[in-house]
Amino acid sequence: MAKAYDPKQYEQPLYDWWESQRYFKPEYADNLGEPFVISMPPPNVTGALHLGHAITTSVEDFMIRYHRMKGEAALWVPGTDHAGIATQLQVELALRREGTSRQELGRDKFLERVWEWKAKYGGMITKQMRRLGASCDWERERFTMDEGLSRAVREAFVRLYEKGLIYRGEYLINWSPGLQTAVSDLEVEYTEEDGKLYFFKYMLADGTDFIPVATTRPETVLGDTAVAVHPEDERYSRFIGQMCVVPILGRQIPVIADPYVDRAFGTGAVKITPGHDPHDFEIGRQHHLPTINIMNKDATLNENGGAYQGLDRFVARQKLWVDMEAMGLTIEAKPYKMQVPRSQRGGEIVEPLVSTQWFVKTQPLAEVSLKAVADGQIKIVPERFTKIYNNWLENIRDWCISRQLWWGHRIPVWHCRDCQGMTCTRADPTQCAQCGSQAIERDPDVLDTWFSSGLWPFSTLGWPDDTPDLRRYYPTSVMETGYDILFFWVTRMVMAGLEFTDDVPFRTVYLHGLIRDEHGKKMSKSSGNVIDPLVVMDEYGTDALRFTLLTGSTPGSDMNLSMERIASNRNFCNKIWNATRFVISNLGVSFRSRDSTWDLAELTVPDRWILSRLNQITAETTRLIEDYNFGEAGRQLYDFFWSEFADWYIEVAKIRLQSEDAFVQSTTRQVLVYVLERTLRLLHPYIPFITEVAWQHLPHEGESLMVARWPRSYDRLDQQANEQMAIMIDLVRTIRNSRAEYRVEPAKWISAYIVAGDQTTMLVKHREVISKLARLEDSSLHIAPQLDQKPAQAIGLVISNGIEIYLPLADMIDLTAERERLTKELARLSQWMTATQGKLNNGNFVNKAPAAVVQQERDKLADLEVQQTKMKAQLQQLS
RNA sequence: GGGCGGUUAGCUCAGUUGGUUAGAGCGCCACGUUGACAUCGUGGAGGUCACAAGUUCGAGUCUUGUACCGCCCA
């Protein structure tokens with residue numbers, strides 16, 4: 001084994017070997033019991049791996065590996081998403097570079113190009129996921145646009161259509177002028193930006209007076225169809241019912257009263273533009289106002305814009321204001337922080353626009369989805385997201401599912417030129433279902449990408465066919481994803497699952513947080529703080545990245561990721577590597593491993609202690625993992641491995657392996673191998689590569705760690721070993737501390753007197769370990785129950801159980817300093833004792849606290865009293 | 001406006017149902033190449049757990065309020 005672990009050398013070959021052994025397949029388990037199933041959230045097919053994918057993959061692979069090791073049939077279904085807008089944009093960009101466009105190519109040729117693109121770049125991201133160690137069943141990989149899934153989409157659409165849950169209508173939608181398509185409410189983000197609040201006069205038709213009105217978008221006055229005031233607003237009540245005049249255009253519109261108007265905002269009077277504002281659209285409907293669309297699809301003004309026709313919306317805004325100024329209609333324009341709606345994709349300003357689109361009626365679907373969670377059929381982890389889930393579904397609006405794109409699932413509806421009727425069927429129709437005419441034309445729009453991903457948990461298993469996979473692996477066990485797509489995706493899968501399969505799509509939703517940079521800032525290209533997981537894996541290894549992602553935060557909360565943290569976890573991997581190196585290089589040729597039955601009588605305290613700790617840590621991590629606290633479990637394993645196994649047990653083992661006693665040697669080896677092997681198993685779901693490599697070097701049964709059994713824990717707790725080891729550790733640390741304080745050369749062997757009372761036998765038994773660890777000269781180490789005469793010119797120390805230590809460092813002792821040190825120690829002790837005494841003197845504490853807690857305090861106080869007595873004696877001796 | 005989360009060591013974060021003297025990593029100080037590991041070891045410094053009140057024998061942990069930060073929804 002090399003001196004340091006080199007991930008590059010092992011990761012790829014190991015992954016290939018695992019896959020070739022068919023370990024990733026659920027069939028490998030040969031277990032007909034309840035399977036454990038995850039559908040991988042499909043990444044964009046032409047995307048590149050980023051940290052969001054990395055954490056998703058790490059967490060899911062963690063769960064899959066854990067359940068696989070428990071012997072369950074573990075299935076992780078991978079796949080990719082066609083990502084309508086994102087992919088289309090990429091191909092369009094490529095076309096632009098070639099000096100052509102999709103319009104020039106035409107729809108069919110364009111789609112050919114997209115498929116070519118997909119063929120070229122489509123495998124990239126899944127290759128990158130393999131680098132993360134993803135143990136998914138690649139033979140079951142799916143793509144949202146493949147034949148089977150397209151059929152699922154078609155089936156789903158037709159069913160909803162037939163049920164009347166899909167309708168087409170003219171509504172105010174979010175229009176993305178650059179992308180030339182509608183986007184759903186969820187795809188719009190609101191950012192606070194500097195704008196202006198424009199105050200102007202809405203003249204009454206009779207010219208007698210005006211109503212002051214404020215707006216952030218003056219150009220929309222061209223589409224105004226009313227001015228609204230609050231019904232109880234005395235300032236304006238006299239205007240209600242009167243007509244006023246649209247500036248420039250001269251149209252007459254009414255003044256209406258609506259409680260929606262915020263009297264405190266602006267002037268308290270608002271213009272109503274149903275064609276270009278969602279709130280106004282609602283008011284317009286309630287008051288039966290006409291809707292005027294003033295904008296073309298490219299965000300220039302149309303014929304309703306009068307003189308401004310053809311101008312871009314922002315140019316029109318300026319020009320109109322100047323013109324109104326000239327007419328004396330303006331009051332002022334104040335700087336104002338406005339909420340600007342921007343497209344999540346591309347970032348351009350989105351325009352509310354009236355347009356004909358396809359919608360899903362979500363109300364009935366949302367109701368059953370709420371019920372599924374309320375009934376506990378689906379559990380959301382962390383639980384607090386349940387409220388967010390509920391809140392969203394309770395206020396859900398109809399879902400605009402049509403997109404004016406070419407790449408995607410085309411809407412399976414044919415329009416008849418003769419009767420204007422619509423035909424929606426599973427197989428492509430040749431004639432109109434209404435009138436029989438053959439003059440039918442397919443709707444040009446495609447479906448929102450999330451429509452197909454909503455079907456993902458069951459479409460990937462073969463739905464709508466009744467396949468063996470669907471029967472065996474559906475519903476899936478856990479849906480693991482980021483909380484940022486709870487609405488986009490999770491809710492829609494629940495709605496779709498319940499609607500189409502009559503069952504929940506998954507039993508548990510586990511949501512992880514977002515990854516930010518080390519100071520909590522969002523990673524972005526413009527900030528230059530993006531961490532590329534591929535670069536990290538190159539530099540530190542996959543395991544370091546995975547361990548960092550898995551242990552870096554608590555469930556559902558964001559993680560600040562820093563390279564320092566990754567580096568320290570790389571060091572952890574190296575620690576494992578070297579600990580393994582130590583163990584195997586000390587095994588000797590005749591080593592035989594043994595099972596978990598140990599005869600405690602033949603073991604020493606450190607053996608019993610580490611076995612007991614292993615057992616505790618096994619129980620604890622298993623409990624935490626079952627409770628979805630993967631991070632805490634991982635952190636505990638880290639601490640156990642480093643601070644207990646490596647720092648103490650291995651250090652003890654070094655000494656005992658040099659023993660003349662063959663039995664001592666062989667026991668130590670067996671404990672070393674046993675504990676290391678079990679710990680590697682516990683760590684494997686976190687850091688699969690290093691653990692497998694290390695495991696392969698160790699004596700083992702079975703061919704791979706990844707299919708080894710998850711360790712079981714036992715109820716037995718070796719309390720005595722834990723206590724005695726604690727004493728030894730305390731003893732060694734205390735001596736080391738004094739050595740450092742007195743600047744004893746690290747290499748120097750010193751003499752010591754240990755007055756150990758009833759711990760004497762135990763300490764004598766471990767004399768060699770203690771002397772070596774504390775670097776005490778064997779010939780001048782005295783361990784006795786008591787000492788008639790305290791050594792002169794010695795540093796006196798007292799630790800728990802009243803054990804006294806004397807270090808005769810004659811030439812180094814400064815009596816004054818020693819007195820000072822002991823006095824300080826005593827002060828600290830007495831402070832502690834006062835606190836403990838206080839508790840015990842409190843009748844309420846003694847009566848109400850659990851007996852064990854009270855006893856604990858009593859024991860503590862007794863121990864402190866003994867320490868105090870001995871320390872006082874030591875002080876006295878010095879004076 | 002409604003909701004959620006956060007505030008713990010210089011930095012980044014843990015702290016499981018309330019119960020020893022509140023922990024880790026990084027950073028810092030001192031020392032150290034004794035054959036697992038300098039991607040390391042040994043020892044150390046560093047915190048009135050945002051603030052206030054309350055519940056309790058006991059609060060970092062539960063309740064209420066306040067301040068600040070972040071996110072989601074409208």
Side-chain angles (χ1 to χ4, degrees), chain A residues 1 3-5 185-186 190 262 278-279 339 382 384-385 387-388 390-392 395 483-484 486-487 513-514 516-522 540-541 544 548 551-554 556-586 620 623-624 627 629 631-636 638-639 642-643 646-647 650-651 653-654 732-741 743-747 772-775 828-829 831-832 835-836 838-850 852-854 856-857 859-860 863-864:
Chain A
M1 286 174 87
K3 204 172 168 189
Y5 174 59
D185 296 332
L186 282 176
Y190 292 85
D262 177 4
H279 298 294
Q339 295 289 321
R384 65 172 187 273
F385 286 104
K387 203 166 174 180
I388 297 169
N390 289 341
N391 189 266
W392 192 73
N395 298 296
Y483 66 73
D484 54 326
L486 177 62
F487 306 143
L514 275 34
R516 305 167 175 282
D517 79 359
E518 58 188 314
H519 297 296
K521 276 199 297 192
K522 216 171 166 177
Y540 298 99
T548 306
T551 59
S553 71
T554 33
S557 48
D558 294 351
M559 176 186 332
N560 295 355
L561 184 69
S562 72
M563 293 309 268
E564 286 76 21
R565 192 144 195 148
I566 297 167
S568 71
N569 285 328
R570 183 266 322 261
N571 298 352
F572 177 54
C573 293
N574 193 53
K575 190 78 183 176
I576 294 172
W577 176 260
N578 275 292
T580 306
R581 223 156 62 93
F582 169 78
V583 172
I584 60 160
S585 65
N586 281 290
E620 190 65 2
R623 189 185 65 77
L624 286 165
D627 217 21
N629 282 315
E632 183 60 18
R635 288 186 289 269
Q636 291 202 12
Y638 179 102
D639 287 339
W642 202 316
S643 327
D647 286 353
I650 286 186
E651 291 308 314
K654 279 179 186 170
V732 170
R733 282 224 168 108
T734 304
I735 295 171
R736 283 173 175 170
N737 179 331
S738 283
R739 293 176 58 114
E741 247 175 64
R743 306 202 173 272
V744 177
E745 281 170 56
K772 293 271 172 59
L773 290 180
R775 235 173 159 73
R828 205 177 59 91
L829 264 187
Q831 205 180 351
W832 192 0
T836 313
K839 280 189 198 176
L840 290 167
N841 287 344
N842 183 339
N844 277 325
F845 172 73
V846 178
N847 292 329
K848 293 185 180 173
V853 174
V854 177
Q856 199 175 289
E857 292 298 314
D859 293 347
K860 185 168 83 184
D863 191 59
L864 291 174

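Residue numbers start from 1 in every chain, and the chains themselves are labelled A, B, ... in the order their sequence lines are given, proteins ahead of strands.
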Between U64(B) and G5(B), how many Å separate the two P atoms, rounded to a whole number? 11 Å
Using side-chain heavy atoms (C-beta onward) and a distance below 4.5 Å, is Tyr483(A) in contact with Asp558(A)? yes
Of A24(B), A14(B), C73(B), the nucleotide closest to the side chain of Ser553(A) is A14(B)
Residue Arg743(A), side-chain heavy atoms: nucleotide from C37(B), A30(B), U20(B) that is nearest: A30(B)
Rounded to whole angstrom units, what separation is found between the CD atom of Glu651(A) and the P atom of G32(B)? 19 Å
Any N or O donor-acceptor pair linking the side chain of Arg733(A) to the base of U42(B) at under 3.5 Å? no
Among A14(B), C4(B), G25(B), the nucleotide that comes nearest once only the side chain of Arg635(A) is considered: A14(B)
When rounded to whole Å, the NZ to C1' distance for the pair Lys575(A) and C37(B) reads 6 Å
To the nearest Å, how far apart are Ile566(A) CD1 and U12(B) C1'? 13 Å
C4(B) pairs with, by Watson-Crick or G-U criteria that keep both distances under 3.5 Å: G70(B)
Would you say a side-chain N or O of Trp642(A) is under 4.0 Å from OP1 or OP2 of G41(B)? yes
Using a 3.5 Å distance criterion without hydrogens, assess whether the side chain of Asn391(A) forms a donor-acceptor pair with backbone atoms of Lys387(A). no
Could you give the CZ-to-C1' distance, from Phe572(A) to A36(B), as a whole number of Å? 15 Å
Find the partner of C51(B): check Watson-Crick (N1-N3 plus N6-O4 or O6-N4) and G-U wobble (N1-O2, O6-N3) distances, both under 3.5 Å, and reply none if neither fits. G65(B)
Give Phe487(A) one of three labels, base, sugar-phosphate or nothing, depending on what nucleic acid heavy atoms sit under 4.0 Å from its own. sugar-phosphate
Just N and O in the side chain of Arg581(A): are any of them under 4.0 Å from OP1 or OP2 of C37(B)? yes
Taking the side chain of Arg736(A) as its heavy atoms from C-beta onward, which of U20(B), U16(B), G43(B) lies nearest to it? G43(B)
Starting from C1' on C40(B), measure out to CD1 on Ile576(A) and report it in whole angstrom. 15 Å
Pairing partner of G25(B) (Watson-Crick or G-U wobble, both distances under 3.5 Å): C11(B)
To the nearest angstrom, how far is Glu564(A) atom CD from G10(B) atom C1'? 14 Å
May I ask you to evaluate whether Asn737(A) reaches the phosphate of G44(B), defined as a side-chain N or O under 4.0 Å from OP1 or OP2? yes
With the side chain defined as heavy atoms from C-beta on, Lys848(A) is closest, among C71(B), A24(B), U56(B), to U56(B)
Separation of the C1' atoms in G6(B) and U66(B), to the nearest angstrom: 16 Å
Rounded P spacing from C71(B) to A53(B) in Å: 32 Å
Any donor-acceptor N/O pair under 3.5 Å between C4(B) base and Lys387(A) side chain: no
So what does Ala646(A) hit on the nucleic acid, given a heavy-atom distance under 4.0 Å: a base, only sugar-phosphate, or nothing? base
Would you measure the distance from the P atom in A14(B) across to the matching atom in U7(B) and give it in whole Å? 7 Å
Residue pair Asp859(A) / Asp863(A), side-chain heavy-atom distance below 4.5 Å: no
Can you establish whether the number of heavy atoms outside Glu741(A) located under 6.0 Å from its atom CD is more than 12? yes
Less than 3.5 Å between a donor and an acceptor, one on the side chain of Lys654(A) and one on the base of A36(B), is that the case here? yes
Heavy-atom side-chain proximity of Trp392(A) to Leu486(A) below 4.5 angstrom: no
So which nucleotide from C40(B), U16(B), U39(B) ends up closest to the side chain of Leu624(A)? U16(B)
If we ignore hydrogens and angles and just use 3.5 Å, is the side chain of Arg565(A) paired with the main-chain N or O of Gly552(A) as donor and acceptor? no
Which whole number of Å gives the distance between the P atom of G19(B) and that of A38(B)? 40 Å
Can you find a heavy atom in the side chain of Arg739(A) that is under 4.5 Å from one in the side chain of Arg775(A)? yes
Less than 4.0 angstrom between a side-chain N/O of Ser557(A) and OP1 or OP2 of G5(B), yes or no? no
Distance check: side-chain N/O of Asn571(A) vs OP1/OP2 of C40(B), anything under 4.0 Å? yes
Is there a donor and acceptor pair, one atom on the side chain of Gln636(A) and one on the base of A14(B), closer than 3.5 Å? no
Euclidean distance for C1', C62(B) against G18(B) (whole angstrom): 8 Å
On a whole-Å scale, what distance lies between the P atoms belonging to G60(B) and U16(B)? 12 Å
In Watson-Crick or G-U wobble terms, both distances under 3.5 Å, what is the partner of G19(B)? C57(B)
What is the base-pairing partner of C31(B), counting Watson-Crick and G-U wobble geometry with both distances under 3.5 Å? G41(B)
What is the separation between atom CG on Asn844(A) and atom C1' on G19(B), rounded to the nearest whole Å? 16 Å
How long is the line joining CZ of Arg775(A) and C1' of G32(B), in whole Å? 11 Å
With heavy atoms under 4.0 Å as the rule, sort Thr554(A) into base, sugar-phosphate or nothing. sugar-phosphate
Heavy atoms, side chains only, cut-off 4.5 Å: are Asn737(A) and Arg733(A) in contact? no
Considering every strand and a 4.0 Å limit on heavy-atom distances, what is the contact class for Ile650(A): base, sugar-phosphate, or nothing? base
Inter-nucleotide P distance (U42(B), A52(B)), Å rounded: 39 Å
